[in-house]
Amino acid sequence: MPPKFAIIDRTTTVEEYRSLRESVGWASPSRSKCQAALAQSLFGVVALRDGITVGMGRVVGVGDGDGDGDGDGDGDGDGDGAVYATIVDVVVAEGFHGHGIGQAIINRLIEWASTCGISHVGLFADDSVADYYAKWSLQSSGQYLRLSMSDPIPPTPQRKHVSR
């Protein structure tokens, strides 16, 4: 019998965030970086089993969490509702995979974005798990390019100044 779990609308605590990331082998940034990242969430969910957080997911992007982009967060719809958002940090702790928790997390995040009128929803996923997301009819749209900040940035070519 699959474990029973509940999906709760809230962003993880810093401790939960770091613990879940570590549980799947992801790097865990400093507490202050995690706190800053979580503070920029538009929406988040956690999966709980017996009061323990076993999964998470969140939405980040432009806007104020109500889909109208006016910055007040009140959901009054006085903006155009055309907001870009991205689903990130979808994690289910080891030992809880294969029980529908990840699917429930993604479904709730998509439901929230739809309710807010967000018209462009993307998802960041590692190549190793990208096939998992095919059931949501996600389509390739452009290309996400990642810059590793640990790599040196090439120098900008010098331009010749032409006097007129």
Side-chain angles (χ1 to χ4, degrees), residues 1-29 31 33-69 73-75 77 79-146 148:
M1 175 177 221
K4 297 212 184 273
F5 62 90
I7 300 297
I8 308 297
D9 292 356
R10 73 166 174 84
T11 305
T12 60
T13 66
V14 171
E15 291 76 20
E16 291 168 332
Y17 183 73
R18 295 183 83 210
S19 176
L20 284 167
R21 289 178 63 90
E22 290 170 359
S23 81
V24 294
W26 291 2
S28 182
R31 287 185 49 77
K33 282 193 176 194
C34 291
Q35 188 170 18
L38 292 170
Q40 296 303 313
S41 301
L42 296 176
F43 181 72
V45 297
V46 294
L48 299 179
R49 178 168 183 250
D50 297 328
I52 306 295
T53 302
V54 298
M56 69 176 175
R58 62 191 187 106
V59 179
V60 298
V62 179
D64 61 353
D66 64 3
D68 67 8
D74 66 2
D80 66 8
V83 176
Y84 288 91
T86 304
I87 296 171
V88 298
D89 292 330
V90 176
V91 175
V92 175
E94 294 295 332
F96 295 93
H97 296 183
H99 300 290
I101 296 171
Q103 184 172 349
I105 289 170
I106 294 291
N107 286 346
R108 179 63 188 120
L109 297 174
I110 291 171
E111 176 186 322
W112 175 85
S114 177
T115 300
C116 291
I118 296 173
S119 55
H120 300 283
V121 178
L123 173 100
F124 287 156
D126 189 85
D127 288 339
S128 65
V129 295
D131 288 344
Y132 172 77
Y133 298 100
K135 63 186 89 173
W136 286 278
S137 302
L138 293 165
Q139 301 169 3
S140 179
S141 177
Q143 189 173 17
Y144 170 70
L145 304 173
R146 179 173 44 189
S148 172

What are the two closest non-hydrogen atoms of Tyr132 and Gly102, and how far apart are they?
-> OH-C, 3.3 Å
Side-chain donor/acceptor of Thr115 to backbone N/O of Glu111, under 3.5 Å = yes
Verdict with reasoning, Leu20 to Asp89, per side chain to side chain contact (heavy atoms under 4.5 Å, CB included) = CA-CA 9 Å; Leu20 284 167; Asp89 292 330; over 6 Å; no
From Leu42 CG over to Thr11 OG1, what is the distance, rounded to the nearest 0.5 angstrom?
-> 9.5 Å
Please test Leu38 against Glu16 for side chain to side chain contact (heavy atoms under 4.5 Å, CB included), starting from the C-alpha separation and ending with a verdict.
-> CA-CA 11 Å; Leu38 292 170; Glu16 291 168 332; over 6 Å; no
For His97 and Val92, which heavy atoms make the closest approach, and how far apart are they?
-> NE2-O, 2.6 Å
Apply side chain to side chain contact (heavy atoms under 4.5 Å, CB included) to the pair Leu123 and Ile106, showing each step before the final yes or no.
-> CA-CA 10 Å; Leu123 173 100; Ile106 294 291; 4.0 Å; yes
For the student: nearest non-hydrogen atoms of Ile105 and Gly55, plus distance = CD1-C, 3.9 Å
For Gln35, look at atom CD and say whether over 12 heavy atoms of other residues, nucleotides or ligands are found less than 6.0 Å away.
-> no
Set of residues satisfying ring pair (Phe, Tyr, Trp, His ring centres under 6.0 Å) with respect to Tyr17, sequence neighbours excluded = none
By salt bridge (charged side-chain N to carboxylate O under 4.0 Å, His left out), Glu22 pairs with (sequence neighbours left out) none
When you look at Trp136 and Asn107, which way does the side chain to side chain contact (heavy atoms under 4.5 Å, CB included) test go after all the steps?
-> CA-CA 9 Å; Trp136 286 278; Asn107 286 346; 2.7 Å; yes
Leu109 and Val59: which non-hydrogen atoms are nearest, and at how many Å?
-> CD2-CG2, 3.9 Å
Quick one: CD1 on Ile87 to CZ on Arg108, what's the gap to the nearest 0.5 Å?
-> 11.5 Å
Taking Arg21 for the side chain and Ala27 for the main chain, is one N or O donor matched with an acceptor at less than 3.5 Å?
-> yes
In terms of heavy-atom contacts, Ser23 and Glu94 come closest through O-CG, 3.0 Å
Smallest separation among heavy atoms of Pro29 and Cys34, with atom names = O-SG, 3.4 Å
For residues Leu48 and Arg10, determine if any side-chain heavy atom of one lies less than 4.5 Å from a side-chain heavy atom of the other.
-> yes
d(Thr86 OG1, His120 NE2) to nearest 0.5 Å is 11.5 Å
Check whether any side-chain heavy atom of Val45 sits under 4.5 Å from a side-chain heavy atom of Trp112, and report yes or no.
-> no
